[in-house]
Structures are given as C-alpha cells and as structure tokens.
K.L.:
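Please see the structure below; I have some questions.
Protein chains get the first letters and strands the later ones, always in sequence-line order, with residue 1 at the start of each. FYI, side chains are in, hydrogens and waters are out, and symmetry mates aren't considered; it's all heavy atoms of this structure.
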Amino acid sequence: MFDLLGITPQALYSQLLIGLINGSFYAVLSLGLAVIFGLLNIINFSHGAQYMMGAFIAWLGLTQFGNWIGSPGMQINYWLALLLAPLLVGALGVVIERTMLARLYKLDHLYGLLLTFGIALIIEGLFRYAYGVSGQQYEIPEVFQGAIDLGFMYLPKYRAWVIVASLTVCLGTWFVIERTKLGSYLRAGTENPRLVQAFGVNVPLMITLTYGFGVGLAAFAGVLAAPIFTVSPLMGADLIIVVFAVVVIGGMGSILGSIVTGLGLGLIEGLTKVFYSEASAVVIFVIMVIVLLLRPAGLFGRER
Amino acid sequence: MTDASAPAELLRVANLHAFYGESHILHGIDFVVNRGEVVTLLGRNGAGRTTTLRAILGLTGTREGSILINGRETIGMATHAIAHLGVGYCPEERGIFASLSAEENLLLPPAVASGGMSVDEIYAMFPNLYERRASPGMRLSGGEQQMLAIARILRTGAKLLLLDEISEGLAPVIVQTLSRVIRTLKERGYTIVIVEQNFRFVAPLADRHYVVEHGRIVEAVTMAELDEKMHKLHVLLGI
C-alpha cells in the first residue's frame with residue numbers, strides 16, 4: 001500500500017507523530033482561549049505572547065536564574081518551571097484582567113481583541129528587545145532523553161510526554177467544567193453572569209481567576225514547547241494564528257470542541273505533509289473557510 | 001421559623017432611585033416589608049416594578065437611596081454580597097440555564113443562610129421536577145421552568161424571596177399550583193415580595209399591595225382595605 005502511494009511508512013508515522021504533537025499544543029492553547037471566551041466574552045489575542053512567556057520563564061529559570069541570584073549553579077529545573085511558569089503568567093493575567101480587561105466587558109468584543117492584541121505586541125517587543133529574535137535552545141530534561149522502540153518506529157520520549165501531559169491537562173479541564181460544582185458555576189456564568197451573581201456567587205472573582213487559569217494554560221504549553229521548538233519572542237505569534245483558526249473551526253467557547261479540533265487538525269496537517277506537503281501550511285485555513293461557509297458557529301459551537 | 005426577638009421589619013426601601021445608563025427609571029420608591037409577610041408590587045408594564053426588584057439586588061445600573069435588609073444598609077454592596085443576606089431571586093425570564101440539567105439548575109445557587117429546604121423536601125413539593133431532573137434545562141415546559149426557578153432558591157436558605165411575574169404565560173392549573181406553593185411558603189415563615197400582573201392570582205395571597213407608577217409608589221393597600229379601595233385599584237391598574 002505504501003509503495004502504491006509513493007511514501008514510506010516511516011515518513012507517515014513520523015509526520016503523524018509531529019501532527020499529534022502540534023495538535024496537542026493547538027488543543028491546550030485553544031482550550032484556554034475557549035474557556036476565556038466563554039466567560040469573559042473576550043478574544044484573548046495575547047494568548048500567543050503568554051505562551052511565549054511560559055517558554056521564556058522555563059529557559060530563563062534554567063540558564064539565567066543562577067547568575068541573577070549570584071550563584072551560577074542554581075537552576076529552576078524543568079519540573080519547577082512547569083509549575084512556576086503557569087503561576088507567574090497566570091498572576092500577570094490576573095493583574096491585566098483587574099486593571100484593564102474588567103473595564104471593557106460592557107463594550108463590543110472588538111475592544112477586548114484590540115487591547116489584548118496591543119498587550120501581545122508590547123510583551124513580544126519587550127522580549128525581543130531583551131533577548132533578540134535568534135532564539136534560544138532548551139535542553140530536554142534527562143529523564144526524557146532517548147527514544148522508545150515501538151517496533152515500527154522510534155518514539156522520542158519527550159514527545160510522548162508532551163502528548164500525555166497535554167491530554168491529561170485537557171481532559172482534567174474538561175472534567176472540572178462539565179462534571180463539578182465549580183464547573184456548573186462557570187457554565188451558568190457563561191449564559192447569564194448577572195443571575196449567577198444574584199444567587200450569591202462572586203462572579204467578578206470567578207472571571208478574574210478564569211482569565212488567570214486560561215493564560216496559565218498557555219504558559220504551561222509554552223514550557224512543554226521549550227525543549228521542542230526554539231524559544232524565541234515570536235514563537236507565540238507564529239502559532240497563535242493557527243490556533244485561532246482551530247478555535248473558529250471548533251466553535252468559539254466550546255470546551256470539548258477545542259480539544260477534539262486541536263488534535264484533529266494537528267493530525268490533518270501532519271497527513272497533508274506526507275501526501276502533498278506544499279499544502280500543509282494552508283490546509284487548516286482551507287478547512288476554516290469551508291467550515292465557516294457551512295457552519296458559521298463552528299463544528300461544536302452554538303449560535304449565540 | 002420567625003425569630004420573636006428579631007425586629008419585625010425585614011426590608012425597608014427608602015427614596016430609591018435607579019438608572020439604566022442615562023434613563024432614570026425609579027424616582028424615589030418607598031416601601032416596607034415585615035418578616036413573614038407576602039407583599040405585592042402591582043402596576044402597569046414599565047411602571048418600574050421589575051426594576052425595583054432588580055435594584056434591591058444591585059442588578060440595575062446606578063442606584064441611590066437606601067435599602068435596609070435585616071437592618072443592614074445594602075445600597076453600596078455588591079450583588080453577590082446582598083444575596084448572602086438571605087435574599088432569593090426568581091427573575092421574570094425565569095433564568096433557567098440551558099447548558100445545565102434540571103437538577104444542576106436546582107443545585108446551582110450556593111447556600112446563603114442556614115435552614116434551606118432539603119432536595120427531598122423540594123421534590124416532595126414539586127414532584128414534576130423529580131421526574132424531569134435529568135432533562136436539560138431548556139427542555140422543560142414553561143410551568144416546569146417556573147417551578148424550578150422558585151424551587152432552586154428554596155434550597156439556599158434565603159428567607160426573603162423576590163418573585164417576578166411568576167404566573168405569566170402559564171396555564172390556570174399551574175397558576176393554582178403556584179398559589180398553593182406561595183401559601184405553603186408563607187406558612188413556613190418566608191417573607192415574599194411578588195411583582196405581578198395577574199391581580200386575581202395574588203389578591204388572596206398578599207398581606208399588602210403597593211401600586212407602582214412612573215417609578216414611585218402611589219398607593220398602599222392592606223388586605224383589610226382591599227374591598228373599599230378596589231375601585232381605586234381598578235382605575236390604577238386598568239383592570
């Protein structure tokens with residue numbers, strides 16, 4: 001069969017794996033966007049910059065932190081970064097929400113988009129000024145060096161970990177939102193925040209924490225990405241356009257939709273690379289156009 | 001349930017003004033609700049009755065004046081903090097959440113005081129809701145949605161219930177059920193403020209009626225005065 005199609009099985013499997021990896025990042029990032037859009041009605045254009053900050057925090061922690069505190073041997077290792085980066089970026093998100101976004105909720109979506117786009121440009125500009133555009137390497141943590149022999153292909157351990165970690169985070173988030181009391185506040189708050197507040201739930205606080213959580217997810221993805229992609233100020237800007245296409249295809253605000261669409265589109269992109277690599281950069285946008293024409297609310301979205 | 005040592009007055013609204021953006025809707029509302037009373041706000045559409053309920057919870061734009069709940073000034077408080085003084089709200093549009101099941105809707109509002117009804121008691125009071133508990137909120141009939149909207153604030157321990165147009169658009173048999181529910185709640189010591197269009201539904205239930213016109217209270221009628229002031233009420237309400 002592989003001979004007929006003119007491809008090798010190795011090429012197919014490795015592209016599918018790359019597709020699955022990219023899909024994992026699309027899923028985590030679009031999930032964060034979906035959670036934020038659902039409750040805040042804000043299209044968070046600074047998501048890519050927050051993802052980039054996550055990767056940078058990991059890199060700075062590993063290579064620069066020791067010099068800053070005057071003992072070069074000290075490092076913030078990968079595991080600590082995986083915890084610390086989402087917390088720091090989430091805390092910065094809380095500040096952004098309280099001081100800026102909170103003033104925009106009564107206005108059109110467009111204002112939130114413009115504000116977060118501006119924030120993204122500022123953050124990316126600052127990092128570019130400090131660290132240049134050439135990009136930094138982040139070493140794969142020792143436990144994940146090497147590969148597992150699956151018989152039909154070699155699976156690099158770190159890539160397997162990225163897929164497992166992303167899926168765990170996605171499913172965990174889905175479970176909290178769809179199956180817990182806290183999640184029922186979030187779902188109800190998405191429909192009618194004023195009434196949920198009239199029942200005695202502190203909705204403004206819930207909105208602030210949701211934004212913090214959403215951008216924390218972006219930073220988590222950034223740390224996961226650091227050992228795979230080059231850590232550069234523009235890494236988020238490149239990715240975020242594709243992620244927005246994923247969100248549009250899945251449907252704005254749909255939790256499960258963003259996870260399934262993210263993974264699915266990563267795989268489709270990988271397959272396109274095998275069969276017609278010239279189209280791989282545009283295939284997601286072609287799908288987006290088709291979906292928008294046939295189902296404007298997205299595959300999993302509801303008209304609102 | 002009524003505490004003998006507590007003051008009689010549970011809600012005192014004085015010189016309440018409320019605005020939606022630039023429009024000035026309430027122009028100095030004054031009324032009092034005592035513990036355990038059922039009080040109605042009557043009036044024509046657009047008179048400001050729904051806005052009065054919403055203003056008590058801080059759901060309007062700017063509001064000025066004074067709203068004492070249990071002797072506490074709430075005019076500067078956030079909506080969720082007011083709810084925790086023991087206020088339950090049933091909005092005119094019922095506010096059933098479409099993405100939640102009937103039971104999730106019922107369990108959604110957090111407890112705001114002790115002594116709320118248990119889920120079993122609520123299902124005993126509204127047997128239909130028990131049968132429909134797994135259905136999505138949007139699949140319930142209008143009557144079921146209305147019962148759910150009332151039932152879910154009984155669970156929270158709220159003792160002051162603000163009910164907006166609960167009989168609107170419902171079949172007579174369901175309105176009778178709601179009438180029985182209000183009577184039971186009154187017997188249990190709940191304090192209830194009802195905004196209502198259907199005067200015949202609330203006339204036998206209420207201790208006092210306030211008539212709202214152009215954002216002011218223009219008439220107060222106690223149950224004892226009902227017969228002598230009936231003519232005046234008919235003129236005011238256009239019924």
K.L.:
At a 4.5 Å cut-off on heavy atoms, which part of B/S99 comes close to chain A: side chain, backbone, both, or neither?
P.N.:
both

K.L.:
Taking everything shown except B/Y130 itself, do over 12 heavy atoms lie less than 6.0 Å from its OH?
P.N.:
no

K.L.:
Checking heavy atoms, do the side chain of B/R54, its backbone, both or neither come under 4.5 Å from chain A?
P.N.:
neither

K.L.:
Answer with side chain, backbone, both or neither: which region of B/I56 has an atom nearer than 4.5 Å to a non-hydrogen atom of chain A?
P.N.:
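Neither; nothing under 4.5 Å.
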
K.L.:
Quick check: are there more than 12 heavy atoms from other residues, nucleotides or ligands sitting under 6.0 Å from CZ of B/F19?
P.N.:
yes

K.L.:
Is the shortest side-chain heavy-atom distance between A/R187 and B/L100 below 4.5 Å?
P.N.:
yes

K.L.:
Take atom OH of B/Y123 as the centre, draw a 6.0 Å sphere, and report whether it contains more than 12 heavy atoms from other residues, nucleotides or ligands.
P.N.:
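Yes, the 6.0 Å shell around OH holds more than 12 heavy atoms from other groups.
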
K.L.:
Supply the atom-to-atom distance B/L59 CG to A/Q197 CD, rounded to the nearest 0.5 angstrom.
P.N.:
7.5 Å

K.L.:
Which of the residues A/N202, A/V203, A/V201, A/V196 is involved in the greatest number of heavy-atom pairs with chain B at under 4.5 angstrom?
P.N.:
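That would be A/N202.
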
K.L.:
In terms of heavy-atom pairs under 4.5 Å, which option from A/A188, A/S184, A/A198 contacts chain B the most?
P.N.:
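Ranked by contacts with chain B, first place is A/A188.
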
K.L.:
Answer with side chain, backbone, both or neither: which region of B/P91 has an atom nearer than 4.5 Å to a non-hydrogen atom of chain A?
P.N.:
side chain

K.L.:
Heavy-atom distance under 4.5 Å to chain A: side chain of B/A81, backbone, both or neither?
P.N.:
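Neither; nothing under 4.5 Å.
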
K.L.:
Taking C-beta and beyond as the side chain, do A/T190 and B/F97 meet within less than 4.5 Å on heavy atoms?
P.N.:
no

K.L.:
Is there side-chain contact between A/P204 and B/H80, with heavy atoms separated by less than 4.5 Å?
P.N.:
yes

K.L.:
Using a cut-off of under 4.5 Å on heavy-atom pairs, state which of B/L107, B/I153, B/L85, B/L108 scores highest against chain A.
P.N.:
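Option with the greatest count: B/L108.
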
